[in-house]
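First the structure, in the form of structure tokens, and then the observations on it.
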Amino acid sequence: MKPIVAELVASALRALPELAEAADGIDLDGTVERTRDASHGDFACNIAMRLAKPARKKPRDIAAIIVAALGDSATVDKIEIAGPGFINFYLSAQAFHAELERTLAQGASYGRQAPKEGPRINLEFVSANPTGPLHVGHGRGASYGATVGNLLEAAGYPVHREYYVNDAGRQMDILGASVWLRWLEANGVDVAFPLGGYRGEYIRNIADEIDTAGLDVPTAESVARGLPGDSDDDKDAYVDALVARAKALHGEDGFDRIRQQALESIRDEIREDLEEFGVHFDEWFSEQSLTKSNRVDDALAVLEERGMLYKQDGATWFPATQFGDEKDRVVVRENGVKTYFASDIAYHFDKRERGYDHLIDILGADHHGYVTRVRAGLEAMGYEADDLEVKLVQFVTLYRGGERVQMSTRSGQFDTLRQLRAEVGNDAARFYYVSRSNDQHLDFDLDVAKSQSSDNPVYYIQYAHARVASVFRQLGEKALTWDKANGRAQLGLLGEPQEKALMTSMSRYPEVLELAANNRAPQHLVHYLRDLANDFHTYYNAHAFIVDDAGLRDARLYLVSAARVVIANGLGILGVSAPEKM
RNA sequence: GUCCCCGUAGCUCAGUCGGAUAGAGCAUCAGAUUCCUAAUCUGAGGGUCAGAGGUUCGAAUCCUCUCGGGGACGCCA
């Protein structure tokens, strides 16, 4: 509805050359907004105030000129100039009825924009290291990323969802060594488990399952001989030596078999977890594939070519300070090993080279310090700094019975996404994870998320949806049918304040979607749906829908059918189910 | 030390290109309640938008500073 009002103003301005000139460069859509108070009408436009200075006229005088040029429209009942110079629009009942008709006609696509050609968006999220199961924090990144993806698609953009699998480097070696040691253990070979290793129970399970045909079980003595000690001060030496020993005993290929199986097992587990959570990716991008195809070297060559690398102390550096970073960064260490930063630059370069115009990274808040340098890398390779957009997701704290739930792996308490899903269900988890802005800490109350009452916003909203379905079941039980066409014809009978309020709320849906998509802010949709459900329940409590008067009944059923569509669409974007029955 | 986020009702929080009298839920209080669905309903009270300056027709919102809370800062991955 908002675009209709904005277009009215725009056409009035076209008829007023002297004002149109002053309005040049002002986004008219942005001057029209919903009113907070019904006494100000449905929409208000502040263009007159904005034009006061450039046009050198008083705001109220400008408003009068614009209003005079507005002319008649079936959409608008009344236009008033109010306050300092607002132009208030009171929309006709007919305008709201037309919106209801659109809602039912478009159904599942109501609120969505037509697909655009571009910009093509690459959306990377979760990207947790495949060294263990997803934990509760990853769940937030998963929900947020999936929902932002849905929002962007609803806004018409082509979106490619990508998970970057960090399957190369030292962490993978340590994972391999951890599994290897558990395998030895299961074969009666006891070697001290490294402090820097992965200690979770899942490592044992992997060790039990992997195919080790052709690998000889070494003696404890041959494994442990000559290894450095392990200590909290230096967790690296011992575990690194174990990796080297495993490679020596089984050969690179032998160790690689263990490592690769461990990686695949965990990655598959993560993938399954996410699929069950309703979070899908178009691509699982392997870091190994970057290395194997020499794309890290290619990216470094591009930097070299552009004079964006230098040597110092035996290492190769990238002058990140030239792009606003606080210090220069190493890309190749003194020992010849490329840093994680090097493959990260290469990865983002590769994404851009693959044809994505806009890159969005959704990262844990602990990656805060990484943003500047990755962006610097892209810029140094000739791309725009704005091509990369980073959304940081803050931490999650779980509460049960008003108490903070400890989430350390060591204490063995609440930890994994899987456990959370099992406890509160996918719907509640998806919903609560995106209920607050991504850049704010989230307190996740397990008791509320589980409760099946109106205290729980998820149930409150889903219940509104189920109630409409229930009403139609009731209709059937009373051997009545809904005459949709008659309902459309009789919408004029809907004059109750709750009906007007519900129609107004519903008509906001496309605007909320757009706002949420533009700001990558699903919480707007969450709050909107709660308000909408509230309007629906208030209506339901105040008036019976299945009344004797067939015209009124058909009209009310028309209205609530449309409400069902809006609620279902909104929940769909959030990845939450819209049940017919609860 | 540098940087980022946050501070709004008793509590949890909305308030997103600056807009009119700052909102919701919970809690509190007062009423209603044999009703299509049972997880009730209606209404009321409740505020120095952390504080101080600034920008302007207009500031919870933008800028500066102060106070208070949280987090990030590796030749780790």
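First the proteins, then the strands, lettered A, B, ... as listed; each starts at 1. Reckoned from all heavy atoms, side chains included, excluding hydrogens, waters and symmetry mates. Everything numeric here is computed off the predicted structure, so don't read it as measured data.
Between A:Arg436 and A:Asp443 no salt bridge is recorded (no basic side-chain N to carboxylate O distance below 4.0 Å). At a threshold of 4.0 Å, the pair A:Asp535-A:Arg530 does not count as salt-bridged, since none of the basic side-chain nitrogens sits closer than that to a carboxylate oxygen. A salt bridge links A:Arg259 and A:Asp173; the closest N-O separation between the charged side-chain nitrogens and carboxylate oxygens is under 4.0 Å. With respect to the salt-bridge test (charged N to carboxylate O, under 4.0 angstrom), the residues A:Asp240 and A:Arg170 qualify. Ion pair A:Asp548/A:Arg553 not flagged as a salt bridge, since none of the NZ, NE, NH1 or NH2 atoms sits closer than 4.0 Å to an Asp/Glu carboxylate oxygen.
Base pairing annotation: B:U40 forms a Watson-Crick or G-U wobble pair with B:A32, both donor-acceptor distances under 3.5 Å. Pair assignment for B:A59: none, as no Watson-Crick or G-U wobble contacts are both less than 3.5 Å. A 3.5 Å limit on both hydrogen-bonding distances identifies B:G71 as the Watson-Crick or G-U partner of B:C3. B:G18 makes up no base pair with any nucleotide shown, lacking Watson-Crick or G-U wobble contacts both under 3.5 Å. Summarising the base pairing, B:G25 is matched to B:C11 through a Watson-Crick or G-U wobble pair whose two defining distances lie under 3.5 Å.
Comparing B:G74, B:U37, B:A77 by their nearest atom to the side chain of A:His367 picks out B:A77. Taking only side-chain atoms of A:His524, from C-beta outward, the nucleotide of B:A77, B:G15, B:G19 with the closest atom is B:G15. Relative to the side chain of A:Gln474, the nucleotides B:G15, B:C13, B:C36 differ in distance, and B:C36 lies closest. In this structure, the nucleotide among B:C57, B:U16, B:G74 sitting nearest to the side chain of A:Pro84 is B:C57. Each of B:A77, B:G19, B:U37 was ranked by its minimum atom distance to the side chain of A:Met49; first place goes to B:G19.
In this entry the distance linking CG of A:Asn534 with C1' of B:C13 reads 16 Å, nearest Å. The distance from atom CD of A:Gln523 to atom P of B:C6 is 12 Å, rounded to the nearest whole Å.
For A:Gly83 and A:Val471, each mapped to the nucleotide of RNA chain B holding its nearest heavy atom, the one lying further toward the 5' end belongs to A:Gly83.
In this structure, A:Phe255 has its ring center at least 6.0 angstrom away from the ring center of A:Trp180. You'll find the ring centres of A:His537 and A:Tyr463 inside the 6.0 Å limit. The ring of A:Tyr539 has its center closer than 6.0 angstrom to the ring center of A:Phe545. Between A:Tyr144 and A:Tyr433, a ring centre-to-centre spacing not shorter than 6.0 Å is recorded.
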Between the protein and nucleotides 44-46 of chain B, list every N/O to N/O distance that falls short of 3.5 Å.
none

Can you tabulate the close N/O pairs, meaning under 3.5 Å, that link protein atoms to atoms of nucleotides 39-42 of chain B?
from	atom 1	to	atom 2	distance (Å)
B:A39	O2'	A:Gln452	O	2.9
B:A39	N7	A:Tyr463	OH	3.0
B:A39	N6	A:Tyr463	OH	2.9
B:U40	OP1	A:Ser454	OG	2.9
B:U40	OP2	A:Ser454	OG	3.4

